Amino acid sequence: MIVNRQIRTLDEFTIQQLRDFPNATGELSSLLRDIGLAAKRVNVEVSKAGLVDILGDANLVNVQGEDVKKLDIYANTQLMGVLKHGISCAGIASEEFDDFIAFNDPVSNQSKYVVLFDPLDGSSNIDANVSIGTIFGVYRRVSEKGSPVTREDFLQPGIRQVAAGYIVYGSSTMLVYATRRGVNGFTLDPSIGEFSLSHPDIKCPPHGRIYSVNHGNFHRFERGVQQYIDHCQRKDETNGGPYTQRYIGSLVSDLHRNLIKGGIFLYPVTTDMPGGKLRLMYECNPFAFILEVAGGRATDGKRRILDIQPTGLHQREPFFIGSRGMMDELDSFLDGAVPA
Ligand code: AHG
Ligand code: MN
Ligand code: MN
């Protein structure tokens, strides 16, 4: 049998990166391995969701007032479990918990990272067999090692992320993560149960032809956003014709596609959600980090997402993210350069 040594697993890849930095402790590698393990467990449940009684509402409402599905709870428990029992994470914050959790045991208190995550993104799509995901951001703690983590360790601007990533449970399951050195994608090879490097050094094309937005909210958007959407629909034939609209309603799936193919995603403020819908800490920051490393941009319409100083763990923001050229084009509508 021929063994293809060209294809590296997630563990092999992170260990190889470690070899390039002799002073590195390996904590980040072990953290990513832990998250990969949780992802494999969640993947098993996601893929049999239609068969067992794990489907459907758990009759609970999370801190943000949204229905919590059973798989959200399962994914939340798995992620928290691997991070708590690993050696690299001192505490977590999750979309599903009101407050952060300091693991506060002797080993965890010596760990240098905290992880913020959305355990299951796009959960309203579970019952319809549509792709869902997990999103995470990793920060170096700012409090002293040796003590339990504090709120300041979590309320850091996104620019301080050391790594960020997502898992998409789709037609195949992929884990994509970014450090400042690059964005790499790993596809779960079911024959060996390992994430294998399938998308090395991902770059977001500077221009794309996809725009993603919930069109049902069109009449609740600000004028500049409406004008930009109108522009996407009216691009003339000499310009390649109108953009294509794609919107799944799972942020992970929408942004994974746009990252690979090029595109722009918009979740602006609406008249009924004047602060925006998506969560800065669990959704916007990790993707802003990934897209920027890949060459794209992310803003709240005015500010760079990664520069926002958070004030609350569950803060929401308007969110615009995508290919650099399309974001620049959007800006000209949002800053009033294009007349109303
Ligand atoms: P979650 O399932 O974690 O609550 O996130 C749902 C989010 C996100 O995945 C998606 O982009 C957005 O909600 C869709 O919102 P609309 O249904 O309002 O378009
Ligand atoms: Mn989400
Ligand atoms: Mn969620």
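Read the numbers this way: they start at 1 and go in the same order the structure lists the ligands and their atoms. The structure presented is a predicted model; accordingly, all values stated were derived computationally and were not measured. Start at 1 with the first residue, then count along the sequence.
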Are the charged groups of E152 and R141 less than 4.0 angstrom apart, N to O?
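Salt bridge: no.
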
Under 4.0 Å between a side-chain nitrogen and a carboxylate oxygen: does that hold for E194 and K40?
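Yes, E194 and K40 are salt-bridged.
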
In terms of atom number and element, which parts of ligand 1 are under 4.0 angstrom from non-hydrogen atoms of [X]?
{"X": "Y247", "result": "14 (C), 15 (O), 16 (P), 19 (O)"}
{"X": "S250", "result": "9 (O)"}
{"X": "G249", "result": "9 (O), 10 (C), 14 (C)"}
{"X": "L251", "result": "8 (C), 9 (O), 10 (C), 11 (O)"}

For the 3.5 Å polar cut-off, considering only N or O atoms, please tell me whether [X] and ligand 1 meet it.
{"X": "F265", "result": "no"}
{"X": "N214", "result": "yes"}
{"X": "D121", "result": "yes"}
{"X": "L278", "result": "no"}

Please evaluate residues T173 and N43 with respect to the criterion side-chain hydrogen bond (donor to acceptor under 3.5 Å, both in side chains), reporting the C-alpha separation (whole Å), side-chain torsions for both, the decisive distance (0.1 Å), and the verdict.
CA-CA 7 Å; T173 294; N43 182 58; 2.6 Å; yes

Applying the side chain to side chain donor-acceptor pair (under 3.5 Å) test to E292, which of R180, R297, R324, R304 qualifies?
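By the side chain to side chain donor-acceptor pair (under 3.5 Å) criterion, E292 pairs with just one of R180, R297, R324, R304: R304.
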
Closest candidate by heavy atom, reference atom 13 (O) of ligand 1, pool R279, E96, E283, K277:
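The residue whose heavy atom sits nearest atom 13 (O) of ligand 1 is K277.
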
V225 vs L334, side chain to side chain contact (heavy atoms under 4.5 Å, CB included): CA-CA, chis, key distance, verdict:
CA-CA 7 Å; V225 173; L334 298 189; 3.8 Å; yes

Which protein N, O or S atoms lie under 2.8 Å from the Mn ion (ligand 2)?
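Result, waters dropped: D118 OD2, D121 OD1, E283 OE2.
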
Is the closest heavy-atom distance from Y282 to ligand 1 below 4.0 Å?
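For ligand 1, residue contact (heavy atoms, under 4.0 Å) with Y282 is absent.
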
Please state whether L120 comes within less than 4.0 angstrom of ligand 1, counting heavy atoms only.
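Distance cut 4.0 Å: L120 passes for ligand 1.
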
Can you tell me which residue among I260, N184, V176 is in a side chain to side chain contact (heavy atoms under 4.5 Å, CB included) with H199?
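Checked I260, N184, V176 against H199; only one passes side chain to side chain contact (heavy atoms under 4.5 Å, CB included): I260.
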
Is D118 touching ligand 1 with its side chain, its backbone, both, or neither, if touching means heavy atoms under 4.0 Å apart?
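Answer for D118: side chain.
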
Ligand 1 versus S123, non-hydrogen atoms closer than 4.0 Å: side chain, backbone, both, neither?
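Both parts.
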
How about [X] and [Y]: are their ring centroids closer than 6.0 Å?
{"X": "Y282", "Y": "H314", "answer": "yes"}
{"X": "F333", "Y": "Y228", "answer": "yes"}
{"X": "H215", "Y": "Y247", "answer": "no"}

Between S196 and D189, does any side-chain donor sit less than 3.5 Å from a side-chain acceptor?
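Short answer, no.
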
Under 3.5 Å side-chain donor-acceptor pair for Y267 and E317:
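Y267 vs E317: no donor-acceptor pair found between side chains.
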
Applying ring-ring contact (aromatic ring centres under 6.0 Å, His included), can you list everything that pairs with Y139, at least two apart in sequence or on another chain?
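Testing Y139 for ring-ring contact (aromatic ring centres under 6.0 Å, His included), a comparison that skips the adjacent residues, returns none.
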
